[in-house]
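Taking it in order: structure first as structure tokens, then the write-up.
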Protein chains: 2
Amino acid sequence: MGLPDDAAEARAQGWRTLAALHARIEDELERALQKQHGLSVSEYSVLDVLARQDDYHLRMNQLSNAVVLSQSATTRLVNRLEDRQLLQRYLCPTDRRGIYTEVTQAGRDLLEQAEPTHDAVLTAALEKAAELPELAPLVDALDNLPLKV
Amino acid sequence: MGLPDDAAEARAQGWRTLAALHARIEDELERALQKQHGLSVSEYSVLDVLARQDDYHLRMNQLSNAVVLSQSATTRLVNRLEDRQLLQRYLCPTDRRGIYTEVTQAGRDLLEQAEPTHDAVLTAALEKAAELPELAPLVDALDNLPLKV
DNA sequence: GCGCTATGATTGCTCATGCAATCAGTCAGA
DNA sequence: TCTGACTGATTGCATGAGCAATCATAGCGC
């Protein structure tokens with residue numbers, strides 16, 4: 001139980017742990033993906049999110065929500081990927097304000113190449129984090145997260 | 001158990017959950033702290049980390065490690081805070097390559113003002129996240145994280 | 001059908017970040 | 001004491017991000 005302040009401090013500490021773990025993992029992913037596949041973490045996320053859609057496409061709007069970026073950042077991110085022909089844009093036929101983005105075959109190929117790197121780095125980063133006493137509990141919790149069906 | 005691929009997918013999903021929760025919380029913290037106290041999340045973190053040191057100071061090096069930023073980013077971050085007189089730099093007396101940063105009274109005051117905002121936004125963000133089925137399990141796990149003594 | 005408001009995406013601008021190069025100070029070895 | 005390798009911090013440069021303004025299309029109310 002404890003005082004209200006304890007609850008606040010507990011939340012703050014949980015957040016610091018979360019933030020620290022996140023930053024460390026993202027840092028390593030960023031370096032590895034950049035170096036080995038020329039992808040940033042955001043770029044990887046976009047390709048990954050799109051590839052996991054049933055029909056490989058999404059609106060800009062949904063995309064920026066999925067990767068938690070601003071609309072403008074999403075526009076430019078999609079620009080970069082489109083320039084590299086990893087995805088395509090096309091107008092939504094029923095609402096011409098909307099624009100769909102769709103991974104291309106090249107995008108899926110690159111993603112397939114990058115996945116092993118992503119997983120390896122993620123695994124290594126989690127193992128390293130598990131050795132730090134302040135991060136270990138969260139790593140554990142992450143391992144035991146119930147899976148989506 | 002399952003195949004190795006399942007393990008990889010589980011880790012990836014855990015990471016996506018972590019990243020999504022982190023991004024959402026950080027987003028809200030950033031806006032609120034910026035608007036109400038003129039602080040970015042990084043800036044708040046620096047003040048917070050320093051204030052939680054026994055003697056309120058840390059080397060640049062340790063600081064960049066604590067907030068997970070590059071050295072150069074840390075230099076500039078400290079510059080900004082020093083310009084606002086929220087912290088001070090001073091040479092390490094025993095090794096003049098090293099530079100200590102120390103929160104000033106003004107920094108501690110500002111931090112004290114910002115803390116309630118920080119906690120309120122954090123609490124709200126966690127509650128909101130707990131309503132999303134894909135984030136709820138992690139929020140739960142965070143609540144049950146063992147506390148540092 | 002005609003405006004008016006709302007929604008979706010893009011652009012201009014500014015700024016924080018990372019990498020690589022650099023500068024300053026330390027320390028070991030000749 | 002001097003030299004060279006090393007560590008700690010800062011600067012030059014390029015880039016990705018957010019905010020606010022803008023443009024294009026939809027769709028409602030008259």
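Letters A, B, ... are given to chains in the order of the sequence lines, protein chains preceding strands, and every chain is numbered from 1. Since the structure is predicted, the reported quantities are computational estimates derived from the model, not experimental observations.
Every side chain to side chain contact (heavy atoms under 4.5 Å, CB included) that I99(A) has, sequence neighbours left out, goes to M60(A), R89(A), L91(A). Residues passing the salt bridge (charged side-chain N to carboxylate O under 4.0 Å, His left out) test with R84(A), sequence neighbours excluded: E43(A). Taking the side chain to side chain contact (heavy atoms under 4.5 Å, CB included) definition, one finds that A106(A) meets it with L86(A), T104(A), sequence neighbours left out. Under the side chain to side chain contact (heavy atoms under 4.5 Å, CB included) criterion, E112(B) pairs with no residue, sequence neighbours left out. Under the ring pair (Phe, Tyr, Trp, His ring centres under 6.0 Å) criterion, H37(A) pairs with no residue, sequence neighbours left out. Evaluation of the side chain to side chain contact (heavy atoms under 4.5 Å, CB included) rule for V68(B) yields A23(A), R24(A) as partners, not counting sequence neighbours. By the salt bridge (charged side-chain N to carboxylate O under 4.0 Å, His left out) test, E102(B) is found to be paired with no residue, residues two or more places apart in sequence or in another chain being considered.
In summary, E115(B) and R108(B) do not engage in a salt bridge, as defined by a charged side-chain N under 4.0 Å from a carboxylate O.
Considering CD1 of I25(B) and CG of L18(A), their distance stands at 5.5 Å, rounded to 0.5 Å.
Contacts of residues 81-104 of chain A with DNA chain C (heavy atom under 4.0 Å): R89(A), R97(A), G98(A), I99(A). A heavy-atom distance below 4.0 Å to DNA chain C is reached by these residues of residues 20-41 of chain A, ordered by number: R31(A). For the segment residues 70-78 of chain B, the set of residues with a heavy atom within less than 4.0 Å of an atom of DNA chain C comprises S70(B), S72(B), A73(B), R76(B), in numerical order.
Across all their heavy atoms, A129(A) and V139(A) have their closest contact at CB-CG2, 3.8 Å. For the pair L135(B) and A20(B), the tightest heavy-atom approach, listed with the atom from each and the gap, is CD2-CB, 4.0 Å.
On the nucleic acid side, DNA chain D has its first and last nucleotide under 4.0 Å of a heavy atom of chain B at dT7(D) to dC19(D), going 5' to 3'.
Atoms CG (N65(A)) and C1' (dT7(C)) sit 15 Å apart, rounded to a whole Å.
Grouped by direct or indirect side-chain proximity (heavy atoms under 4.5 Å, Ile/Leu/Val/Met/Phe/Trp/Tyr only), Y100(B) sits with Y90(B).
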